[in-house]
K.L.:
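Could you have a look at this structure, given as structure tokens, before my questions?
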Amino acid sequence: MRNGIIITGLLLVLCLAGCGSAQEVDVTTPGNTPGSTSNLQSQAIAESPDDADTQSPVISGSPDKADIQIPLYESGEDVGMIPYDTETAGVYGGYIFIPLGEEIYRFYPASDHYEGLTKGELLYECIEESITEKYPHSVYALEEYPNHELLYDECRDSEGNLLNEIYIEYSPAIGVSTEDLDRIAKSGYLILEDGSVTGGEDVWTDFYEKASSGKSATVRIAKIHTLDPERCSPEYYEAVKADYPSIFITELSFDGAVYQVSPVHYDGNEYTISYLPGYDNPMTEWKYLMHYAGEAPYEFSLFSAYDKYVLVNDNSVTWEDLEHGMLSSQMGDYIPYEEVYCEYTWK
């Protein structure tokens with residue numbers, strides 16, 4: 001999910017990333033260079049916890065890998081895998097789609113480290129293509145996971161040399177129903193759709209006035225993400241269409257001294273604070289709630305002005321400081337923050 005003035009551009013980038021033409025066996029995914037690791041395998045390397053910047057927390061509510069991965073699978077656990085609504089197997093849109101029986105299931109590089117597992121039978125083979133390179137994938141079962149929620153993937157170069165090997169896990173769709181959207185609309189939450197407020201301004205005003213006066217207050221925030229097929233490639237849309245619309249709900253509370261953001265889920269009867277590892281961002285605490293407003297920084301921006309509230313631990317930082325830290329290639333420039341409210345004036 002990440003946020004900020006350029007959220008509209010980032011959503012577009014997400015739509016355009018990792019896409020190519022897909023076929024049953026030969027699957028095109030652009031972006032590789034000669035001798036490089038495949039896109040799917042590169043994601044696993046780049047997102048390894050060993051390489052992660054632990055001082056740069058994921059910003060809540062963004063539609064990315066961290067948001068759609070489910071908790072660590074236990075060996076032999078029946079997770080109730082649901083086939084993905086597609087007729088195309090192979091690697092595309094940053095996922096690998098694998099036929100199991102008569103259905104196709106979506107997989108992604110595992111969000112947790114697994115060790116000591118036993119490689120079983122070969123289940124599926126496909127070829128991931130870039131403009132200049134082909135990457136054969138061989139997917140194997142794991143004896144400890146007979147339901148196939150976790151699999152083993154070997155990736156080779158065009159000459160057959162092993163490039164990398166990773167575990168991949170079943171990636172369920174997280175799209176919600178019209179019923180879910182209606183329930184949220186009636187819940188009295190602050191609602192942001194694709195990064196901008198579309199409802200609940202009154203509950204936010206009430207929260208902010210109380211917090212600004214030093215009084216304890218609570219507000220729940222529902223971030224809804226949609227996907228426009230006109231703004232992404234057909235392959236990317238096919239890969240993630242079942243994830244939209246998606247909803248991520250958090251509770252923002254203030255006890256008079258500290259702001260706390262906690263994930264919220266519907267348990268079948270009501271929405272309660274609960275945390276799903278690998279799906280949610282963990283609970284976070286912040287010292288300050290800052291209010292930033294200004295004009296669009298670029299002529300090509302889709303909005304003319306922004307009005308946002310952001311949680312930080314340093315009340316001297318400006319929105320420009322935060323944006324610079326987010327966009328800078330220097331890791332030390334990043335300033336932790338969490339955006340909880342944003343309203344754009346669209347052109």
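Every heavy atom of this structure was used, including side-chain atoms; hydrogens, water molecules and symmetry mates were not.
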K.L.:
Between atom OG1 of Thr198 and atom CD of Glu193, what is the distance when rounded to the nearest 0.5 Å?
P.N.:
5.0 Å
K.L.:
Test your reading of the model: is there a side-chain donor-acceptor pair from Asn313 to the backbone of Lys287, 3.5 Å cut-off?
P.N.:
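At least one qualifying donor-acceptor pair exists.
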K.L.:
Not counting sequence neighbours, which residues clear ring-ring contact (aromatic ring centres under 6.0 Å, His included) with His324? List them please.
P.N.:
none
K.L.:
Kindly say whether Ala293 contributes a backbone atom to a donor-acceptor pair with the side chain of Asp307 at under 3.5 angstrom?
P.N.:
no
K.L.:
Distance alone, cut at 3.5 Å: any donor-acceptor contact between the side chains of Thr86 and Tyr92?
P.N.:
yes
K.L.:
Hydrogens and angles aside, do Asp202 and Thr205 bring a side-chain donor and acceptor to less than 3.5 Å of each other?
P.N.:
no
K.L.:
To the nearest 0.5 Å, what is the distance between CD1 (Ile168) and CD1 (Ile96)?
P.N.:
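Rounded to the nearest 0.5 Å, the CD1-CD1 separation comes out at 5.0 Å.
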K.L.:
So, for Tyr244 and His225, which heavy atoms are closest and what is the spacing to 0.1 Å?
P.N.:
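Taking Tyr244 first and His225 second, the nearest heavy atoms are CD2-O, 3.3 Å.
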K.L.:
Both conditions, 6.0 Å and 45 degrees, for the charged tip of Lys119 above the ring of Tyr140: are they met here?
P.N.:
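So Lys119 does make the cation-pi contact.
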K.L.:
Is there a donor-acceptor pair under 3.5 Å between the side chain of Asp182 and the backbone N or O of Glu179?
P.N.:
no
K.L.:
I'd like to know if the side chain of Ser304 reaches the main chain of Thr345, judged simply by a donor and an acceptor atom lying under 3.5 Å from each other, with no hydrogens or angles considered.
P.N.:
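Present.
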K.L.:
Spell out, yes or no, whether Tyr292 and Tyr334 are grouped together once hydrophobic residues are joined by side-chain heavy atoms under 4.5 Å, including indirect joins.
P.N.:
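Per the 4.5 Å side-chain linkage, Tyr292 and Tyr334 are co-clustered.
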K.L.:
Taking the side chain as everything from C-beta on, heavy atoms only, tell me whether Leu289 gets closer than 4.5 Å to Val340.
P.N.:
yes
K.L.:
Ignoring hydrogens and angles, state whether a donor on the side chain of Glu154 or Tyr152 is under 3.5 Å from an acceptor on the partner side chain.
P.N.:
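A pair is found: one side chain offers a donor N or O, the other an acceptor, under 3.5 Å apart.
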K.L.:
As an exercise, state the distance from CG of Leu190 to CG of Leu192, rounded to the nearest 0.5 Å.
P.N.:
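Reported value, rounded in 0.5 Å steps: 5.0 Å.
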K.L.:
Can you tell me if Lys347 has over 12 outside heavy atoms packed within less than 6.0 Å of its NZ?
P.N.:
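Check passes, neighbour count above 12.
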K.L.:
Between Asn147 (side chain) and Glu149 (backbone), is there a donor-acceptor pair under 3.5 Å?
P.N.:
no
K.L.:
Tell me every residue that passes ring-ring contact (aromatic ring centres under 6.0 Å, His included) with Tyr341, counting only those two or more places apart in sequence or in another chain.
P.N.:
Trp204, Tyr309
K.L.:
Keeping the roles fixed (side chain from Tyr189, backbone from Gly199), state whether a donor-acceptor pair exists under 3.5 Å.
P.N.:
no
K.L.:
What distance separates Ile127 CD1 from Ser138 OG, expressed to the nearest 0.5 Å?
P.N.:
9.5 Å
K.L.:
Linking I/L/V/M/F/W/Y whenever their side-chain heavy atoms sit closer than 4.5 Å, directly or via other members, would Phe248 and Leu276 fall into one cluster?
P.N.:
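Per the 4.5 Å side-chain linkage, Phe248 and Leu276 are co-clustered.
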K.L.:
Does Val240 belong to the same Ile/Leu/Val/Met/Phe/Trp/Tyr cluster as Tyr237, with side-chain heavy atoms less than 4.5 Å apart forming each link?
P.N.:
yes
K.L.:
Over all heavy atoms of both residues, which pair between Asp321 and Ser316 is shortest? Give the atoms and the distance, please.
P.N.:
OD2-O, 4.3 Å
K.L.:
Are more than 12 heavy atoms, taken from residues, nucleotides or ligands other than Asp85, located less than 6.0 Å from that residue's CG atom?
P.N.:
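12 or below, so no.
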K.L.:
Compare all side-chain heavy atoms of Val261 with those of Leu311 and state whether any distance is below 4.5 angstrom.
P.N.:
yes
K.L.:
If you define the side chain from C-beta out and look only at heavy atoms, does anything of Tyr105 sit under 4.5 Å from His148?
P.N.:
no
K.L.:
Do Ile221 and Phe207 land in one hydrophobic cluster if side-chain heavy atoms of ILVMFWY residues count as linked below 4.5 Å?
P.N.:
yes
K.L.:
If every non-hydrogen atom of Val312 is compared with every non-hydrogen atom of Tyr337, which pair is closest and at what distance?
P.N.:
CG1-CB, 3.8 Å
K.L.:
Quick one: do Glu144 and Tyr114 satisfy side-chain contact (heavy atoms from CB on, under 4.5 Å)? Show the steps, please.
P.N.:
CA-CA 11 Å; Glu144 292 83 1; Tyr114 297 85; over 6 Å; no
K.L.:
Specify the closest pair of heavy atoms between Tyr135 and Ser130, including all atoms of both residues, with the distance to one decimal.
P.N.:
CE1-OG, 4.3 Å
K.L.:
Is it the case that the side chain of Arg156 and the backbone of Pro136 share a donor-acceptor pair, with hydrogens and angles ignored and the cut-off at 3.5 Å?
P.N.:
no
K.L.:
Determine the minimum heavy-atom distance between Met81 and Phe107, stating which atoms define it.
P.N.:
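Heavy atoms only, the tightest pair is CE-CZ, 3.9 Å.
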K.L.:
Check whether Tyr271 forms a cation-pi arrangement with Arg220 (NZ or CZ under 6.0 Å from the six-membered ring centre, at most 45° off the ring normal).
P.N.:
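No cation-pi geometry.
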K.L.:
Looking at OH of Tyr145 and OH of Tyr167, how far apart are the two atoms once the value is rounded to the nearest 0.5 Å?
P.N.:
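So the OH of Tyr145 and the OH of Tyr167 are separated by 9.0 Å.
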K.L.:
Working to the nearest 0.5 Å, report the span between OH of Tyr266 and CD1 of Ile184.
P.N.:
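Going from OH on Tyr266 over to CD1 on Ile184, the span is 10.0 Å.
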K.L.:
For Asn315 and Met290, indicate whether the former's side chain and the latter's backbone hold a donor-acceptor pair under 3.5 Å.
P.N.:
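Checking the backbone N and O of Met290 against the side chain of Asn315, no donor-acceptor pair under 3.5 Å is found.
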K.L.:
Hydrogens and angles aside, do Thr88 and Glu238 bring a side-chain donor and acceptor to less than 3.5 Å of each other?
P.N.:
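Per modelled atom types, Thr88 and Glu238 side chains form no pair under 3.5 Å.
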K.L.:
My understanding is that only residues two or more places apart in sequence, or in another chain, count here; which of them pass ring-ring contact (aromatic ring centres under 6.0 Å, His included) with Tyr288?
P.N.:
none
K.L.:
Please step through side-chain contact (heavy atoms from CB on, under 4.5 Å) for the pair Ser274 and Asp267, ending with a clear verdict.
P.N.:
CA-CA 9 Å; Ser274 58; Asp267 63 8; over 6 Å; no
K.L.:
Tyr84 side chain to Ala239 main-chain N or O, any donor-acceptor pair under 3.5 Å?
P.N.:
yes
K.L.:
Hey, can you tell me if Trp346 and Tyr344 have their rings parallel, tilted or perpendicular (30° and 60° cut-offs)?
P.N.:
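Answer is tilted, since the angle falls between 30° and 60°.
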K.L.:
Sequence neighbours excluded, which residues qualify as salt bridge (charged side-chain N to carboxylate O under 4.0 Å, His left out) partners of Lys215?
P.N.:
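Testing Lys215 for salt bridge (charged side-chain N to carboxylate O under 4.0 Å, His left out), a comparison that skips the adjacent residues, returns none.
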K.L.:
Between Asn281 and Glu338, is any pair of side-chain heavy atoms under 4.5 Å apart?
P.N.:
no
K.L.:
Can you name the side chain to side chain contact (heavy atoms under 4.5 Å, CB included) partners of Glu230, sequence neighbours left out?
P.N.:
Asp228
K.L.:
Applying the 4.5 Å side-chain criterion to the ILVMFWY set and letting contacts propagate, would Leu252 and Ile273 be lumped into a single cluster?
P.N.:
no
K.L.:
Suppose we screen for side chain to side chain contact (heavy atoms under 4.5 Å, CB included). Which residues come up paired with Ile82, at least two apart in sequence or across chains?
P.N.:
Tyr170
K.L.:
Which atom pair, heavy atoms only, marks the closest approach of Ala110 to Leu150?
P.N.:
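Scanning both residues completely, I find the closest heavy atoms to be CB-CD1, 4.3 Å.
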